[in-house]
Amino acid sequence: MNFHICHPADALRPFVKQYYFWEDDTRGIIQLPQNLFALGDQYMVFILEGKAEIKPTNHKAFILPANAVLGHLTCACQLQVQGPVKVAVVQLNAYGCYRLLGLEVAGFTNYYRNLAMTGQPEWHILSAALKQVTDPGEIESLLDEACIKALAARNCTLRQVDDMVDYMLIMQGNVSVEELSTRYHLSRPTLERIFSAIVGIPPQLYARMIRYKTALSALRQLNLPEWQSPVATTAYYNQSMFIQDYLQFNHQAPSYFGAATIAHLPVAGLHQVAVAS
């Protein structure tokens, strides 16, 4: 198995966060870790070989088309592929899908949109080029080129939502809709409407995602096995809030903190890391 994590060109930040390229010669069903797709981000997935199925807890499983953009996953899910597999993934931030593709993303939370049906032929061209790649080092430049062209071709106004998201990240999710409404001089219905159209989920849910991810990251830094680590060191006010969100995003009780969750990504800050087994 070869798994590469690459950083996008500076011109694509903050809309594009990372690229993944995964190649595996294993035949048959391969179970993937839940943390491949993180809370709060969206993904363009180019399946160059094999098939991929996603089974969210809340509804029926679905098979991704060859070229797709995956909406927010707000619950635990099972991921599996039919190998051999070759996949390129573009990890977008919360508003990156709207900015690069011009799609209002509220309609495919826990689901996908087929890129072949968006009227944007550049993604089919990119997929065809990726299939011809023999050196993983070429993947990064192909993805950079396609995303930069898409960014230049679409002038999608973010209507302050990008600033809202960045502010919520700074505040670690401890932000109320009333505070956002006052800060950005918008009525609550208007704020919720434009936020949901551009990010894909309501601001309240996005804030919970941030708070939950921040708490898990802080608890993991403590290197303690039990999830009952001091929640006071996290963004949560009390332990019951943490349990409530854990149930929301994992559909199981947090009996052991070491259990896999969908809130974490592979280790950040790696550049073209290859893992072989």
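Every value quoted in this text rests on a predicted model; they were computed, and no experiment measured them. Positions are given from 1, in the same order as the sequence printed here.
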> Around atom CZ of Arg154, are there more than 12 heavy atoms of other residues, nucleotides or ligands at under 6.0 Å?
Replying inline: yes

>> What's the separation between atom NE2 in His185 and atom OG1 in Thr190, rounded to the nearest 0.5 Å?
In response: 14.0 Å

>> Determine whether a donor-acceptor pair (N or O, by modelled atom type, separation under 3.5 Å) exists between the side chain of Ser181 and the backbone of Leu186.
In response: yes

>> Less than 4.0 angstrom from a charged side-chain N to a carboxylate O is my criterion; do Glu122 and Lys149 meet it?
In response: no

> Do Gln91 and Asp41 have side-chain N/O donor and acceptor atoms under 3.5 Å apart?
Replying inline: yes

> Among Leu12, Val16, Ile139, which residue meets the side-chain contact (heavy atoms from CB on, under 4.5 Å) test with Asp144?
Replying inline: Leu12

> How about Leu70 and Ile54: do any of their side-chain heavy atoms sit closer than 4.5 Å?
Replying inline: yes

> Is the shortest heavy-atom distance from the side chain of Cys77 to the side chain of Lys55 under 4.5 Å?
Replying inline: no

> With a 4.5 Å heavy-atom cut-off, do Val175 and Tyr206 have their side chains touching?
Replying inline: no

> Taking side chain as C-beta onward, heavy atoms only, is Met209 less than 4.5 Å from Thr74?
Replying inline: yes

>> Can you tell whether the side chains of Arg183 and Glu179 come within less than 4.0 Å, N to carboxylate O?
In response: no

>> How long is the straight-line distance from SG of Cys97 back to NE2 of His72, given to the nearest 0.5 Å?
In response: 8.5 Å

> Considering only heavy atoms from C-beta outward, does the side chain of Leu100 approach that of Cys147 to under 4.5 Å?
Replying inline: yes

> So, do Ile198 and Arg159 sit near enough that their side-chain heavy atoms are less than 4.5 Å apart?
Replying inline: yes

>> Counting only heavy atoms not in Asp25 (residues, nucleotides, ligands), do more than 12 fall under 6.0 Å from its CG?
In response: no

Would you list the atom pairs, donor with acceptor, under 3.5 Å between side chains in residues 126-135 and any protein atom, with sequence neighbours excluded?
{"from": "Ser127", "atom 1": "OG", "to": "Asn67", "atom 2": "OD1", "distance (Å)": "3.0"}
{"from": "Asp135", "atom 1": "OD1", "to": "Gly137", "atom 2": "N", "distance (Å)": "3.0"}

>> Taking Leu101's backbone N and O only, do any of them form a donor-acceptor pair with Gln120's side chain (distance below 3.5 Å, no angle check)?
In response: yes

> Checking side chain to side chain contact (heavy atoms under 4.5 Å, CB included) for the pair Gln172/Arg211: CA distance, chi angles, key distance, verdict?
Replying inline: CA-CA 5 Å; Gln172 299 184 338; Arg211 189 168 59 242; over 6 Å; no

> Taking only residues at least two apart or on different chains, which pairs with a member in residues 112-151 satisfy ring pair (Phe, Tyr, Trp, His ring centres under 6.0 Å)?
Replying inline: Phe62-Tyr112

> Centres of the Phe3 and Phe21 rings: under 6.0 Å?
Replying inline: no

